[in-house]
Protein chains: 2
Amino acid sequence: MRDVAQQAGVSTMTVSRALSDPEKVSPEIRRRVEAAVAAIGYVPNRLAGSLSSQNSRVIGLIVPSLENSLFAPTIQGVSEVLRRQGYQLMVADCGYREEDEAALITAFLAQRVAGLMLHNTRHADGARQMLARAGLPVVETGEMAPDPIDMVVSYSNEDAARAMVLHLHRLGYRRIALVTLPAANNDRSRARQAGFRAALAELGLAEDPRLMLEMPPGLPSGAEAVVRLVEGAQADAIFFAGDVLAIGAHFECQRRGWAVPGRVALAAFDNFELLGQMVPPVTTLRLPRAEIGRRAAQILLDRIQGRSDEKVRIDLRFEIIQRASS
Amino acid sequence: MRDVAQQAGVSTMTVSRALSDPEKVSPEIRRRVEAAVAAIGYVPNRLAGSLSSQNSRVIGLIVPSLENSLFAPTIQGVSEVLRRQGYQLMVADCGYREEDEAALITAFLAQRVAGLMLHNTRHADGARQMLARAGLPVVETGEMAPDPIDMVVSYSNEDAARAMVLHLHRLGYRRIALVTLPAANNDRSRARQAGFRAALAELGLAEDPRLMLEMPPGLPSGAEAVVRLVEGAQADAIFFAGDVLAIGAHFECQRRGWAVPGRVALAAFDNFELLGQMVPPVTTLRLPRAEIGRRAAQILLDRIQGRSDEKVRIDLRFEIIQRASS
DNA sequence: TTGTACGCGTTATCAG
DNA sequence: CTGATAACGCGTACAA
């Protein structure tokens, strides 16, 4: 920047102003600075800028996994909003582990991110403390956290699961099964199981433990689950509330020649585009994944830039997409 | 850090050393510093550290899209390696646009990233110049770039496409069609088309323009393509070299009751787990997506940390997975 | 092994 | 509208 200042015949302070707030500088000088910048190929040092101004234009995002395509729309949504406003995105995956999340939060604090987005809603104690002490704006997105760190943009996993079960019951199914990912380290799975139970209670149906399964992620898991539930537990409808389990089950039915929904009805949780194209297309929920990313990024920036100071809590809801599989 | 130094009764320099290179400091002092850090909840400021030491521990990654699940395994691979070595990842998507890529490169340079990973192998002129001037380590991953900026970790799109066409020919197919994404802004598509043509030439088959299609991404595109190629151009095998086109086509065949491969054989380019579970499972290529991410990250770090100064060029190859769809 | 002085490249602040 | 000066929080280089 010193070189630019010399070349333009002004002080570094004027260069700084010409670049960050062009209107505060005379047209003539602005022109000269721009010329000098172009001639020299000057690239400002945001590290120095952030250090000096005590605020960075970087947002941190921690998801359980970067491999799972589930998070892609959210990340894309975040990315869009940030880019439009000149912010950068730092991402990391915590592998569904609380301690790793805590370590990543520390690393992001060390980078002096301006705000943090967390998919998980369960956190190590230390993490909550650190964030509280740092006073950093935070948005959680995986679930309408009952005890949020700060802001939340999400949908209710429990309500969504409950609604789908009620929907299946309305269609006439009575032995409705639920398959989720392991609930041990996963708030979302737990909430979906709670929604399932709530619906059964509402409907006066007894809980049959054989109709609730936890399976690891992956297509083969779904295939295995459908066989166990149909042959072993006489399920007439299966609600796969996680990952791509429903897709695996659907293919397994096809391989075995089981009519869907004749032999068993299928429903999924996430609206992968794929589900609508399968034969038959699969009943599922519409969750506003990309919108969650966009809104979360937006309220974070609103807070960072002082346009708001509320502890926002946004429920973006969901919607049932009824298709031929049920 | 000053507070920590006071609390521990040492100078800030000693604190700095105790944290960055604990062995250079006496055990007694190390203990006192650690205690003070814990008591105060001190989080080092990497911005200041990087500014002072002129090197950051942040890597930049630019992909065409964050939404496309194709990039997920690569990003995950990158993330693993970086995290193990204490580096952070900054990501952005350029939306398949060269100018946006150039803008992002500038933004990353401004953040003083220690290295850059680019999926694209075509870049705006300005971008190449900036990178050359910055002398930043760069890895390109989308293709074995013939004219790389710096290092490359990838596979040959042309060879892969060529190999698949030869494979289909060996199986007896003679009217082999190719479907790619629009090649205008996409080096990979162009390379795959070149491979297709090379194979035809090798086999002494004439090029039939009706057997080469460019389609936008998405399942419906694949569905549309299979209909046009089978009914309009009597293709007996279709090689879908991009996105999820093959999956869309497969479902369309199912909807129409077209036997695969009886009526038409299908082959895909990427090894989505899904392809192996469909009925029938789909012939495709095995591309080392995650490995590309890991290796790319590794050679970047090797260079950054001075363990190597070669202009590495790694071809990770591919493999044909023959399945029942052909 | 520990400490001192200085500089990294910006921006905030205040004076002109 | 423009400039001088002093931080920002750390690491490098040397000295003790």
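Quick caveat, the model's predicted, so the values are computed rather than measured. Side chains included, hydrogens not; waters and symmetry mates left out as well; all remaining heavy atoms used. The sequence lines fix the lettering, A, B, ..., with proteins before strands; numbering per chain opens at 1.
- Side-chain N or O atoms of B:Asp21 include none that pairs as donor or acceptor with a backbone N or O of B:Lys24 at under 3.5 Å.
- Residue pairs meeting the ring pair (Phe, Tyr, Trp, His ring centres under 6.0 Å) criterion with at least one member in residues 41-71 of chain B, sequence neighbours excluded, are B:Phe71-B:His119.
- Under the side chain to side chain contact (heavy atoms under 4.5 Å, CB included) criterion, B:Asp100 pairs with A:Arg83, B:Cys94, B:Arg97, sequence neighbours left out.
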Side chain to side chain donor-acceptor pair (under 3.5 Å) evaluation trace for A:Asn120 with A:Arg188: CA-CA 9 Å; A:Asn120 278 348; A:Arg188 276 90 66 201; 3.0 Å; yes
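- One axis for each end of the helix from C:dT1-D:dA16 to C:dG16-D:dC1, each built from five base pairs, and the angle between them comes to 30° at 10° resolution.
- The neighbour count for A:Glu310 CD, taken as heavy atoms of other residues, nucleotides or ligands under 6.0 Å away, does not exceed 12.
- Taking the charged nitrogens against the carboxylate oxygens, A:Asp315 and A:Arg313 have no contact shorter than 4.0 Å, which rules out a salt bridge.
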Show the atom names and distances, to 0.1 Å, of all donor-acceptor pairs under 3.5 Å that link a side chain in residues 126-139 of chain B to residues at least two apart or in another chain.
unit_1   : atom_1 : unit_2   : atom_2 : d
B:Arg128 : NH2    : B:Asp147 : O      : 2.5

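- With a cutoff of under 4.0 Å to any heavy atom of chain A, the contacted region of DNA chain D is bounded 5' to 3' by D:dC1 to D:dG9.
- In this model, a donor atom of one side chain and an acceptor atom of the other lie less than 3.5 Å apart for B:Thr121 and B:Asp187.
- Note on B:Arg31 versus B:Glu34: no salt bridge recorded, every NZ/NE/NH1/NH2 to OD/OE distance being 4.0 Å or above.
- Nearest heavy-atom pair across A:Leu61 and A:Ile75 is CD2-CG1, 3.8 Å.
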Per-nucleotide protein contact string for nucleotides 7-16 of chain C, where B marks a base within reach and S marks sugar-phosphate only (heavy atoms under 4.0 Å, - for neither): BBBBBB----
